[in-house]
Each structure stands twice: as C-alpha cells, then as structure tokens.
Asker: 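Would you mind keeping the following structure in view while I ask a few things?
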Amino acid sequence: MKFFQFIHCIFIVSSVVSCGNSPNESRFTSSDTQIQRDVTRVPESLKKGEQEYAKYCLTCHQADGNGVRGQFPPLAGNQTITGPADSLVKIVLLGLQGPIEVNGQTQNYSQIMPAQDYLTDDQIADVLTYIRNSWGNKAPEVKPGLVAKIRNENKIKQ
C-alpha cells in the first residue's frame, strides 16, 4: 500500500510539474497559478491531506470521494474540485448550503456543509490538495498562503 501511495505521489508531482510549464493554464486564475507554482510541498501535503480527509471529510464524502447520493456531493470527477482553488477554500471556510452545480447539473443535497474554519490554513491546504489529486482529479496544489488570504478577506479568525 505504501509503495502505491509513493508511486501515486510521484505521478501527481510529475503531472503538476509538467502542467506548470504548459501555456494552457487559463482554466486557473492568474493569482491561483502564481500561488500554486511551487510544488516542493506536494508529496508531504498529499500525505497530510489524506490523513486530514480521513478525520474530517470521509464520513460524508466517503473513501472513494463519491459522496452519498442526495445527501453529500461527490468530490471525484467534480469540476468544481479541479477549478479555481479559491472557490474550494471559501466552501471550507464558510460552509455551503442549498442547490449546487455538480458537473453541469444543478443538484440539491439535503445535508449542509458546515464551515470548517477551525482547521488551520495548513490543514485546509493539505486536504484540498489531496482531494484535487485523488479519484482521478488532477489540479495544482493549494498553498496555505491562499487559505490565509481568503480567511483574512472574510475576517475569519483562526
């Protein structure tokens, strides 16, 4: 299992590095891309993120990232997860309620996503990096600095 995780991390790092030099970065905002270019934290962030996911997210979003139909949205294959990181950071810090769009379809999930603002900037960055690079998702690392910036903009204390 550890060998598979190591290989998975190497694959993700090489994918992120090769994507970082691509002229096709337009799906991320420029600030998002600038904040996330440094990939030196990725393997460590993925490992920590997996642990944080198991503690705080797994019960609702499940081990396979598919959520629970009608209650909790899927993270696997969800375009919101691989889109701009600032949107995800806001969801974690502020919570989410009501209908949401998942892969082009508006859906109503019966359960509220409570704010997880008690988590540190590092914890949020790690768990988001993990979900953005698991279950077939591929997206740049989320940096703690981005989380801190959004936390500050929304006047959320840590």
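Index from 1, following the sequence. Below, all heavy atoms of this structure are taken into account, side chains as well, without hydrogens, waters or symmetry copies.
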Asker: Taking the side chain as everything from C-beta on, heavy atoms only, tell me whether Glu101 gets closer than 4.5 Å to Gln105.
Answerer: no

Asker: Using only atom types and a distance under 3.5 Å, with no angle test, would you say the side chain of His61 pairs donor to acceptor with the backbone of Pro74?
Answerer: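 It does not hold such a pair.
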
Asker: Does Phe72 sit in a hydrophobic cluster with other residues, and if so which ones, taking ILVMFWY side chains as linked at heavy-atom separations under 4.5 Å, directly or through other members?
Answerer: Val68

Asker: Answer yes or no: is there a side-chain heavy-atom contact under 4.5 Å between Asn154 and Leu93?
Answerer: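 No - every pair of side-chain heavy atoms lies 4.5 Å or more apart.
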
Asker: Can Val92 be reached from Tyr118 by stepping across I, L, V, M, F, W or Y side chains whose heavy atoms are under 4.5 Å apart?
Answerer: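 Yes, Tyr118 and Val92 fall within the same hydrophobic cluster.
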
Asker: Looking at every heavy atom in both Asn103 and Asn78, which two are closest together, and how far apart are they?
Answerer: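 In this case the closest contact between Asn103 and Asn78 is OD1-CA, 3.5 Å.
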
Asker: List for me each residue that meets side chain to side chain contact (heavy atoms under 4.5 Å, CB included) alongside Thr59, sequence neighbours excluded, and say none if there are none.
Answerer: none

Asker: In terms of side-chain geometry, is the basic nitrogen of Asp121 or Arg151 positioned less than 4.0 Å from the acidic oxygen of its partner?
Answerer: yes

Asker: Quick one about Thr82 and Asn137 (side-chain donor to acceptor, distance below 3.5 Å, no hydrogens or angles considered), yes or no?
Answerer: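 Thr82 and Asn137 do not have a side-chain donor-acceptor pair below 3.5 Å.
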
Asker: Have a look at Gln123 and tell me which of Lys48, Glu52, Gln51 forms a side-chain hydrogen bond (donor to acceptor under 3.5 Å, both in side chains) with it.
Answerer: Glu52

Asker: Between Ile156 and Asp117, what is the shortest heavy-atom contact and its length?
Answerer: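 Closest approach of Ile156 to Asp117: CG2-CB, 3.6 Å.
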
Asker: Holding to side chain to side chain donor-acceptor pair (under 3.5 Å), I want the full list of residues that pass it with Tyr56, two or more places apart in sequence or in another chain.
Answerer: none

